[in-house]
Amino acid sequence: MFGQKEKGIAVLPAEVLVQTEILPGTEIMTDVPGARFVHAHNATSATVLVPQPTDDPHDPLNWSRWWKLAVTITQGAFVMISVITNLSIAPLTPIYIAEWGKSLSQIALLTGVCVLTLGYANFVIVPCSDVFGRRPTTIVCALLGVAANVWQASAHSYNSFLGARAFAGIGAAANESMMPIVMADIYFLHQRGKFVGIYFWCYFIGLMLGPIISGAVAQHTTWRWFFWACTIAQGLNFVALCLFFPETRRLEVAAKSVIAPDQQLTGSIDADYAGDTKTGTEAFHHETLPSALSVEEGIRTDQYLGRGRPSKSQLGISQSPDRKALRAIVLHIITPIELFFFPIVFWAAMTMGGAANALLDVNLTQSQVFMAPPYNFAPSSVGYANFALVVGGMIGLAVAGPWSDWVAARATKKNNGIREPEMRLPALIPFIIAAIVGLTVCGVGYQKHWPWEAIIIVGFGLVGVQVVAIPTIVTTYAIDCYRPVAGQILVISTVCKNTFGFGMTYYINDWAIKSGFIPPLMLLMAITCGFATIGLVFFTYFGKTMRRMTRNAKVHEL
């Protein structure tokens with residue numbers, strides 16, 4: 001399949017490499033003439049690692065499985081707790097209406113203002129993570145989250161609580177962007193779909209579990225105890241981040257000290273693409289070969305792979321500023337705006353926003369539906385309905401990331417070991433179908449007063465599946481295309497998602513009262529499935545053309 005073999009090693013034929021256009025996002029996933037790459041587990045039969053690790057035991061790519069797991073768990077807990085705290089007060093709506101004498105739209109604004117700050121704060125948070133490090137940025141945000149929880153629990157007026165909600169969004173905003181950046185720091189390309197999927201699972205499971213918890217706590221004690229409990233949880237997570245979340249940035253200066261390009265490989269690519277600076281060596285700038293790694297019988301190995309650990313400095317509270325990022329701080333801040341006009345990023349942001357806000361639509365309307373006749377649910381029962389979303393989200397987690405990785409790996413094998421990001425896109429098909437069925441059942445079931453079992457088990461369940469799966473696949477695709485700006489991609493996706501969500505809080509409930517539940521739910525279904533389907537077809541055929549159009553953009557140099 002991969003052409004010639006040298007001592008049992010699959011090697012990409014030289015003529016195939018010559019004919020391959022190496023654009024940003026295109027990856028060589030097999031050995032090539034004149035070069036050997038480090039493979040997973042140092043086994044030549046395993047996947048080529050992209051990016052290539054250095055020979056430094058403190059390189060985050062070399063960390064042991066235990067340390068990577070510790071980072072993943074602490075980051076996932078931060079995401080989940082932040083979401084539970086800030087986006088889970090829908091079951092408390094009638095309590096707030098009675099306590100403060102406000103309208104349904106005014107109470108919905110408590111979610112809307114938090115959603116808004118959750119998105120826009122990332123214009124500052126992501127550049128800070130690039131300049132000052134992922135660790136100090138996340139720890140500061142976690143500390144702000146603890147303070148915001150105390151404010152929310154002790155607020156005694158609507159205006160004070162509204163201010164606390166806005167402040168809470170600032171601290172929790174890191175959950176919208178930081179974990180995917182960190183996962184890209186410590187895991188390899190062939191693992192990316194799985195761990196981006198874990199991020200979205202933590203995010204949306206928090207969104208689904210939150211109403212269950214808040215409704216139950218409010219019914220058995222008071223709504224304030226919900227925020228005191230969140231304060232305790234956020235405080236424990238703050239301690240865990242300090243202990244088990246080392247700095248994951250791979251600073252360029254450190255990489256240069258141990259990495260030297262393989263001249264034979266680089267030269268052959270330069271010769272084939274003379275004069276085209278973005279189709280040759282640039283594709284290898286972050287996967288260049290560590291010269292100090294050992295080569296035995298034509299096999300390149302990394303003695304620290306899976307055995308490394310963080311250094312003492314990586315566990316420090318403060319980190320060395322990235323001077324290159326600091327000099328380009330304005331570029332880091334405005335890059336999300338530039339990325340908005342990249343077709344691939346725009347599509348991924350809109351599709352992710354549609355899928356996420358489909359869940360928000362269900363979240364905002366569930367109390368209005370199930371606390372009224374013929375259902376007459378108590379607040380805790382409305383919360384328990386979200387267990388169906390949780391189960392759906394778990395199915396989405398179990399399937400979406402590994403499924404999209406498998407689809408891409410299978411296509412890569414057929415393509416002689418050369419991976420294009422577009423190979424991941426066909427994995428969207430079953431989840432588009434799930435979104436159509438799930439949102440249709442919710443909208444029509446709400447309106448026609450179907451048995452709650454049909455609405456919750458089928459409708460909520462499939463909405464839970466698609467809300468994890470679709471964002472996982474489209475976001476991973478965009479990151480595959482523009483890896484150096486993974487954080488900025490999450491910024492623009494989050495801003496689009498949360499701006500739309502903020503607007504929904506103003507009109508969705510009133511629209512449902514005036515026109516019924518079918519129009520708002522079908523609008524979200526059309527947005528989610530329409531964007532996903534159009535992009536699936538268009539980028540499968542023209543995605544590489546879009547990447548070619550943006551190959552000279554400065555975002556590849558960040």
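What you see is a predicted model; the values in this text were computed from it and never measured. Hydrogens, waters and symmetry mates play no part in the numbers below; they use all other heavy atoms, side chains included.
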Apply side chain to side chain contact (heavy atoms under 4.5 Å, CB included) to residues T138 and Q75 and explain how you reach the verdict. CA-CA 9 Å; T138 306; Q75 280 285 310; 3.7 Å; yes

Keeping [X] on the side-chain end and [Y] on the backbone end, is there a donor-acceptor pair under 3.5 Å?
| X | Y | answer |
| --- | --- | --- |
| Q368 | T365 | no |
| S214 | S88 | yes |
| T74 | V71 | yes |
| S129 | V126 | yes |
| T117 | C114 | yes |
| R547 | P24 | yes |
| R165 | N86 | yes |

Given the rule in the side chain to side chain contact (heavy atoms under 4.5 Å, CB included) test, do W347 and I534 qualify, once you have shown the distances and angles that lead to the verdict? CA-CA 9 Å; W347 171 72; I534 291 170; 5.6 Å; no

Apply side chain to side chain contact (heavy atoms under 4.5 Å, CB included) to T412 and E27, showing your working. CA-CA 10 Å; T412 300; E27 304 288 0; over 6 Å; no

Can you tell me how far apart [atom1] ([X]) and [atom2] ([Y]) are? Round to the nearest 0.5 Å.
| X | Y | atom1 | atom2 | result |
| --- | --- | --- | --- | --- |
| L524 | N357 | CG | CG | 6.5 Å |
| I470 | L428 | CD1 | CG | 6.5 Å |
| I73 | N237 | CD1 | CG | 11.5 Å |
| I489 | L339 | CD1 | CG | 6.0 Å |
| L521 | I508 | CG | CD1 | 7.5 Å |

On a heavy-atom basis, which atom in [X] and which in [Y] lie closest, and how many Å separate them?
| X | Y | answer |
| --- | --- | --- |
| I170 | A121 | CA-CB, 4.2 Å |
| A142 | Q234 | O-CG, 3.8 Å |
| Y477 | P421 | CD1-O, 3.4 Å |
| P471 | Q466 | CD-O, 3.5 Å |
| A486 | I181 | C-CG1, 4.5 Å |
| L61 | D185 | CD2-O, 3.5 Å |

Might you confirm whether atom CZ of F542 has over 12 heavy atoms from other residues, nucleotides or ligands at distances under 6.0 Å?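 No, the 6.0 Å shell around CZ holds no more than 12 heavy atoms from other groups.
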
Compare all side-chain heavy atoms of [X] with those of [Y] and state whether any distance is below 4.5 angstrom.
| X | Y | answer |
| --- | --- | --- |
| F460 | C442 | yes |
| Q488 | D130 | yes |
| M350 | C496 | yes |
| E422 | T540 | no |
| V474 | F531 | no |
| L462 | I436 | no |
| E176 | N498 | yes |
| F195 | I186 | no |

Any chance the side chains of T72 and Y187 put a donor and an acceptor closer than 3.5 Å?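 Checked: T72/Y187 side chains pair up, N/O donor to acceptor below 3.5 Å.
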
Checking side-chain polar atoms at under 3.5 Å, does N122 have a donor or acceptor matched by the opposite partner on T494?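 There is no such pair (donor and acceptor under 3.5 Å, judged by atom type) between the side chains of N122 and T494.
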
Pair up each side-chain donor or acceptor in residues 381-409 with any protein partner under 3.5 Å, not counting sequence neighbours, and list the distances.
unit_1: N386; atom_1: OD1; unit_2: Q366; atom_2: NE2; d: 3.3
unit_1: N386; atom_1: ND2; unit_2: Q366; atom_2: OE1; d: 2.9
unit_1: N386; atom_1: ND2; unit_2: V382; atom_2: O; d: 3.2
unit_1: N386; atom_1: ND2; unit_2: G383; atom_2: O; d: 3.1
unit_1: W403; atom_1: NE1; unit_2: A427; atom_2: O; d: 3.0
unit_1: S404; atom_1: OG; unit_2: A400; atom_2: O; d: 3.2
unit_1: S404; atom_1: OG; unit_2: G401; atom_2: O; d: 3.0
unit_1: S404; atom_1: OG; unit_2: R424; atom_2: NH1; d: 3.1
unit_1: D405; atom_1: OD1; unit_2: G193; atom_2: N; d: 3.3
unit_1: D405; atom_1: OD1; unit_2: R424; atom_2: NH1; d: 2.8
unit_1: D405; atom_1: OD2; unit_2: K194; atom_2: N; d: 3.1

F370 and ring-ring contact (aromatic ring centres under 6.0 Å, His included): which single residue from F517, Y375, W452 fits?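 The passing option is Y375.
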
Between Y203 and Y199, what is the ring plane arrangement, given parallel below 30°, perpendicular above 60°, and tilted in between?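 Ring orientation of Y203 relative to Y199: tilted.
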
Would you please test M179 and I198 for side chain to side chain contact (heavy atoms under 4.5 Å, CB included) and show each step? CA-CA 9 Å; M179 187 172 177; I198 288 175; 3.9 Å; yes

